[in-house]
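In this text the structure is predicted, and so the values were computed from the model without any measurement. Residue numbers start from 1 in every chain, and the chains themselves are labelled A, B, ... in the order their sequence lines are given, proteins ahead of strands. The figures that follow rest on heavy atoms only: side chains count, while hydrogens, waters and symmetry mates do not.
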2 protein chains.
Amino acid sequence: MESNTTIKKRDSVATRAAILAAAHQRFLRESYDNVGLRDIAGDARVDVALISRYFGGKESLFREVVSNDARPNVFREPQSRAELPAYLARLMAEDEGDDLQERMEMFIIMLRSASSPKAGEIIRDLVHLDILGPLTELIGGDHGALRANMLLAILMGVGVLRTIMMVDDINDVANPDECMARFQGLFEAALSC
Amino acid sequence: MESNTTIKKRDSVATRAAILAAAHQRFLRESYDNVGLRDIAGDARVDVALISRYFGGKESLFREVVSNDARPNVFREPQSRAELPAYLARLMAEDEGDDLQERMEMFIIMLRSASSPKAGEIIRDLVHLDILGPLTELIGGDHGALRANMLLAILMGVGVLRTIMMVDDINDVANPDECMARFQGLFEAALSC
DNA sequence: TTCGCAAGTCAATAGCTGTTGATTTAAATT
DNA sequence: AATTTAAATCAACAGCTATTGACTTGCGAA
């Protein structure tokens, strides 16, 4: 019987995972440029050198963080164009403990580090391939790309405003459900011209 | 007669202005963290030390750049809630040489550097005081704050998508005027629930 | 002309960053 | 038990950053 109370040591896959998890949390709160490898290593209780060793470098680590989180993708879940507005509105509601909340985290990580030459390039590819592509396809019809951009713009704008600019009164309606309903209406408007 | 072809030297207000202009252009293209004082000094053809001398430091320089650009403010121009959608749609059109284009630059500068502890704090204050405040007041009515946030979110989202994520097909409709009309419709939707 | 003060220059500082090499330690294999 | 192999540690590196102080230059006033 292997004890599960003792701390596992000399386990490369465990430390790799610990680094990845710590990096995720750090990149969620700070930008690529403002996260140091020493911060991540400290959180993961791991030597700094191991990061470059296991991941090849900061850039590769970031790539792994975002591409791990990319799937299950935000826009792979909704099945039809009709359920899109309600899905996106629910996505923004961000009830604590909600399953969807962790889907939103990839968004925040992307927004935080989008300005930063190295991280930006990675993020841009991800947005085009894994987000805008599927979303455009799902919407379809006339000007599907434009409408996909509109939806994504709203989502990103709310993310920037709420998480980065720290504007908290976006949910400041008495009834949070009402707020969600209004945003659902906005998404519907974007889809129907 | 003072020659205007000779380069003015030993002119403190001119070099201050040169630094400010160079800083504006740099912060427009790169984030606070990725712009070095040496870059700015190089563009302004000025010694690096003069920046800290004249502005007190990088942070103060950035504050001066954004607060100079803040007025004339984006949202001080439209007079009534009714003309807001058309105004915002025109703001996004970004026709080269347009007067409104330079109004949009403040937005880009803010979005670029929003994630960055020092610049972020400055920007957050600006958003609350100079943008969300006036806009909420202009909109008025029920849930004016929520609607102001919606409009700002759309504006920021489009800015992020277009300028930072470099998604260029936001204007890829055959007729750019048609694209503008659609966004105007989206803004109207945000105002009317 | 001379003096003084402001403008501009130069060099050096301390503090950070990611990355790498050599070294030690622990686990698994023979 | 001895040996090999991988994991973790440690220390140091070179490159960058903003900022500061001392120094030199030049213009304007006396």
Side-chain angles (χ1 to χ4, degrees), chain A residues 1-3 6-23 26-27 29-65 112-113 115-122, chain B residues 1-4 6-23 26-27 30-65 112-113 115-122:
Chain A
M1 157 186 155
E2 46 168 317
S3 166
T6 53
I7 304 171
K8 278 204 282 186
K9 282 181 179 178
R10 289 192 95 72
D11 184 339
S12 69
V13 313
T15 62
R16 229 193 94 104
I19 291 171
L20 211 58
R26 278 283 176 176
F27 287 132
R29 321 267 170 206
E30 288 163 290
S31 81
Y32 182 85
D33 292 318
N34 293 106
V35 171
L37 291 188
R38 283 168 178 82
D39 300 327
I40 299 175
D43 292 351
R45 297 183 185 276
V46 150
D47 194 276
V48 206
L50 288 181
I51 300 185
S52 292
R53 189 124 296 176
Y54 281 155
F55 293 89
K58 188 182 184 183
E59 196 175 342
S60 308
L61 171 63
F62 183 81
R63 175 177 282 112
E64 196 139 333
V65 167
R112 274 239 145 81
S113 298
S115 337
S116 178
K118 298 178 189 173
E121 195 183 336
I122 298 171
Chain B
M1 156 186 155
E2 47 168 317
S3 166
N4 47 4
T6 52
I7 303 171
K8 278 206 281 186
K9 282 183 177 175
R10 289 190 95 72
D11 184 339
S12 69
V13 311
T15 62
R16 230 192 94 103
I19 292 171
L20 211 58
R26 278 283 177 177
F27 286 133
E30 288 163 290
S31 82
Y32 181 85
D33 293 317
N34 293 107
V35 171
L37 291 188
R38 283 164 180 81
D39 301 327
I40 300 175
D43 291 351
R45 298 183 184 275
V46 150
D47 194 277
V48 206
L50 288 182
I51 300 185
S52 292
R53 272 226 185 303
Y54 281 156
F55 293 89
K58 189 182 184 182
E59 195 175 344
S60 308
L61 171 63
F62 183 81
R63 175 177 283 112
E64 195 138 334
V65 167
R112 275 239 145 82
S113 298
S115 333
S116 177
K118 298 179 190 172
E121 196 183 335
I122 299 171

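- One atom, CZ of B:R16, and another, P of C:dG8, lie 12 Å apart when rounded to the nearest Å.
- Contact of the A:R112 side chain with the A:Y32 side chain is not registered, since no non-hydrogen atoms from C-beta on lie closer than 4.5 Å.
- Residue A:E59 qualifies as enclosed at atom CD: its count of foreign heavy atoms under 6.0 Å is above 12.
- Identified under the salt bridge (Lys or Arg N to Asp or Glu O under 4.0 Å) test for residues 30-46 of chain A, with sequence neighbours left out: A:R26-A:E30, A:R26-A:D43.
- B:S113 pairs by the side-chain hydrogen bond (donor to acceptor under 3.5 Å, both in side chains) definition with nothing, not counting sequence neighbours.
- Taking atom CD1 of B:I51 as the reference point, atom P of C:dT9 lies 12 Å away to the nearest angstrom.
- Summarising the geometry, the separation between CZ on B:F55 and P on D:dT19 is reported as 13 Å, rounded to the nearest angstrom.
- Within the structure, every side-chain polar atom (N or O) of B:T15 is placed at least 4.0 Å from both OP1 and OP2 of C:dA7.
- Listed by chain and residue number, nothing satisfies the side-chain hydrogen bond (donor to acceptor under 3.5 Å, both in side chains) test with A:S115 (two or more places apart in sequence, or in another chain).
- Between the CG atom of B:L61 and the P atom of D:dA18 there is a distance of 11 Å, given to the nearest Å.
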For nucleotides 14-20 of chain C, read 5' to 3', which letter fits each nucleotide if B means a protein heavy atom sits under 4.0 Å from the base, S means only the sugar-phosphate is that close, and - means neither? ----BBB
Considering only distance and modelled atom types, tabulate donor-acceptor pairs under 3.5 Å from the side chains of residues 46-53 of chain A, sequence neighbours left out.
{"residue": "A:D47", "atom": "OD1", "partner": "A:A49", "partner atom": "N", "Å": "3.0"}

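- Atom CZ in A:R10 sits roughly 4 Å away from atom C1' in D:dA7 (whole-Å rounding).
- For A:Y54, the ring-ring contact (aromatic ring centres under 6.0 Å, His included) criterion is met by no residue, not counting sequence neighbours.
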When Watson-Crick pairs (N1 to N3 and N6-O4 or O6-N4) and G-U wobble pairs (N1-O2 and O6-N3) count only below 3.5 Å on both distances, what is the dot-bracket string of DNA chain C, with | for other-strand pairs? |||||||||||||.||.|||||||||||||
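- Residue B:Y54 is classed as a sugar-phosphate contact, given heavy-atom separations below 4.0 Å to backbone atoms only.
- Because its NZ or CZ atom is both nearer than 6.0 Å to the ring centre of B:F55 and within 45° of the ring axis, B:R16 counts as a cation-pi partner of that residue.
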